[in-house]
**Student:** 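Here it is, the structure in full.
For the numbers below, each heavy atom of this structure counts, side chains included, while hydrogens, waters and symmetry mates do not.
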Amino acid sequence: MNTLPHWTRSPETVEDYTDLVRRLARRFVPEAQSLRGTECWITWLERLRVQPWSEVTVRRYRAALLWFMESLDTFPQSPFWIAPGHREAILSAIRLPWAGESLTLPEQKKPPGKRMRSFGRARWKQVRQRLMSIEEWETVLWMEAVMRTGVRPIEWVRGVSWDGEALAIPCAKGAFDEKGNRIRGLTQTRTLDLSHWPKAEKDLITAWIGLRDTPEQRLSLLKKMAKRLRWAWDQEFRSLRPRITLYTARHQFAANLRARGTPPVAIAAMMGHSSDQTQRTHYGRGALGKTGKGITAPEVSSALTAQVRQHIRVPLSFPMRSGLGNG
């Protein structure tokens with residue numbers, strides 16, 4: 001193959017891919033300076049493919065690597081540069097299944113469509129009133145608690161600990177090796193300090209924690225609440241989409257914090273993100289956030305915040321570890 005197709009990508013996408021490849025290179029490229037070209041690629045990919053990343057993460061990394069291969073001629077002095085006629089084998093290797101992927105894709109149901117990221121005060125008030133009209137107080141309680149804590153649904157299912165002052169949340173995205181070194185995610189457990197909260201909000205968290213006793217019971221309730229929430233939305237807004245979901249409460253948590261002016265790195269720590277870029281890019285808008293009475297922001301330790309990787313916009317350069325890169 002003499003040339004690679006060149007897809008038009010936005011500057012933001014190129015920046016994201018550059019950052020991803022730089023991180024992969026920094027952590028997984030072999031240290032041997034003598035490795036170059038195809039041998040360097042193969043050794044790198046062998047290390048990448050055994051990492052226990054999710055399918056979503058693998059897809060992002062693969063897209064970044066394909067972009068990097070497409071852009072190789074920009075860096076002719078790079079140890080990764082290989083002649084165009086030899087790139088097909090590396091492209092095939094990049095597309096092979098990684099450890100976190102299924103060898104075959106399972107049949108998937110029709111996707112639910114785009115989900116709402118944050119809903120603002122007025123829409124939630126209508127949905128809340130509709131739910132309370134049929135005494136669905138558990139769904140309202142769950143949503144109100146998550147709008148204040150940012151807990152993922154699966155984290156609530158696994159079990160959140162509450163001592164009346166601090167909330168300990170098992171991070172759903174955390175992955176660690178046998179030595180305890182972080183592979184992905186922020187930490188195994190993140191703790192939110194709620195000691196400064198008023199009694200009414202603490203009582204809300206206590207009731208939320210006590211909704212069900214076991215993971216099986218919590219998962220069953222979660223499925224029921226999702227149906228009740230969809231029903232309430234459709235009653236109020238008919239065919240208006242995107243529709244509110246249980247996960248929207250987590251997006252609203254981020255929107256509320258943004259509206260309060262909370263630093264992105266602190267929001268990322270509260271939400272269990274390893275980078276502040278995630279909530280900047282994918283989570284609720286501050287314009288739809290709620291502040292004031294009844295919404296008190298949690299606090300997190302400086303030690304947890306320090307673990308968040310801060311995304312700093314810098315001029316694009318060759319994404320390689322120190323000593324091998326070209327500016």
**Student:** Between the main-chain N or O of Ser54 and the side-chain N or O of Arg59, is there a donor-acceptor pair closer than 3.5 Å?
**Tutor:** no
**Student:** Hey, which of Thr149, Leu219, Leu221 is the one that makes side-chain contact (heavy atoms from CB on, under 4.5 Å) with Trp156?
**Tutor:** Leu221
**Student:** Please tabulate, one pair per line, all N/O donor-acceptor pairs under 3.5 Å involving side-chain atoms of residues 136-143, not counting sequence neighbours.
**Tutor:**
unit_1: Glu136; atom_1: OE1; unit_2: Arg228; atom_2: NE; d: 3.0
unit_1: Glu136; atom_1: OE1; unit_2: Arg228; atom_2: NH1; d: 3.1
unit_1: Glu136; atom_1: OE2; unit_2: Arg228; atom_2: NE; d: 3.3
unit_1: Glu138; atom_1: OE2; unit_2: Arg212; atom_2: NH1; d: 2.9
unit_1: Glu138; atom_1: OE2; unit_2: Arg212; atom_2: NH2; d: 3.4

**Student:** Any pair with a residue in residues 159-168 that passes salt bridge (charged side-chain N to carboxylate O under 4.0 Å, His left out), sequence neighbours left out, goes on the list, sorted by first then second residue, please.
**Tutor:** Glu165-Lys202
**Student:** Just wondering, do Leu48 and Tyr61 contact through their side chains at under 4.5 Å, heavy atoms?
**Tutor:** no
**Student:** How would you list, by chain and number, every residue that makes a side chain to side chain contact (heavy atoms under 4.5 Å, CB included) with Thr13, sequence neighbours excluded?
**Tutor:** Arg9, Ser10, Tyr17
**Student:** Are Thr305 and Ser302 linked by a side-chain donor-acceptor pair shorter than 3.5 Å?
**Tutor:** no
**Student:** Please name all residues satisfying side-chain hydrogen bond (donor to acceptor under 3.5 Å, both in side chains) with Thr38, sequence neighbours left out, ordered by chain then number.
**Tutor:** none
**Student:** Can you list the residues that meet the salt bridge (Lys or Arg N to Asp or Glu O under 4.0 Å) rule with Lys199, with sequence neighbours excluded?
**Tutor:** Asp203
**Student:** Using only atom types and a distance under 3.5 Å, with no angle test, would you say the side chain of Glu155 pairs donor to acceptor with the backbone of Arg152?
**Tutor:** yes
**Student:** Without swapping roles, check the side chain of Arg148 against the backbone of Thr296 for a donor-acceptor pair under 3.5 Å.
**Tutor:** no
**Student:** Any donor and acceptor pair, going by atom type alone, linking the side chain of Ser220 with main-chain N or O of Gln217 inside 3.5 Å?
**Tutor:** no
**Student:** Do the side chains of Glu144 and Arg128 get close enough for a salt bridge, i.e. N-O under 4.0 angstrom?
**Tutor:** yes
**Student:** Taking only residues two or more places apart in sequence or in another chain, which ones pass side chain to side chain contact (heavy atoms under 4.5 Å, CB included) with Ser301?
**Tutor:** Ala303, Leu304
**Student:** Given a cutoff of under 4.5 Å between side-chain heavy atoms of I, L, V, M, F, W and Y, with clusters grown through shared members, what are the other residues clustered with Trp231?
**Tutor:** Ile134
**Student:** With sequence neighbours left out, what residues match Gln235 under side-chain hydrogen bond (donor to acceptor under 3.5 Å, both in side chains)?
**Tutor:** none
**Student:** List in chain and number order the residues that pass side-chain hydrogen bond (donor to acceptor under 3.5 Å, both in side chains) with Trp162, two or more places apart in sequence or in another chain; answer none if no residue qualifies.
**Tutor:** Thr206
**Student:** Same cluster for Ile42 and Trp81 if Ile/Leu/Val/Met/Phe/Trp/Tyr side chains link at under 4.5 Å?
**Tutor:** yes
**Student:** Output all residues satisfying side chain to side chain contact (heavy atoms under 4.5 Å, CB included) with Ala226, sequence neighbours left out; order by chain, then residue number.
**Tutor:** Arg230, Leu246
**Student:** Trp41 vs Phe68 aromatic rings, parallel, tilted or perpendicular, using cut-offs 30° and 60°?
**Tutor:** tilted
**Student:** By salt bridge (Lys or Arg N to Asp or Glu O under 4.0 Å), which residues pair with Asp234, not counting sequence neighbours?
**Tutor:** Arg241, Arg243
**Student:** Between the main-chain N or O of Gly150 and the side-chain N or O of Arg250, is there a donor-acceptor pair closer than 3.5 Å?
**Tutor:** yes
**Student:** I'd like to check the side chain to side chain contact (heavy atoms under 4.5 Å, CB included) partners of Thr262; sequence neighbours left out, ordered by chain and number.
**Tutor:** Leu257, Arg260, Ala266, Ile267, Met270
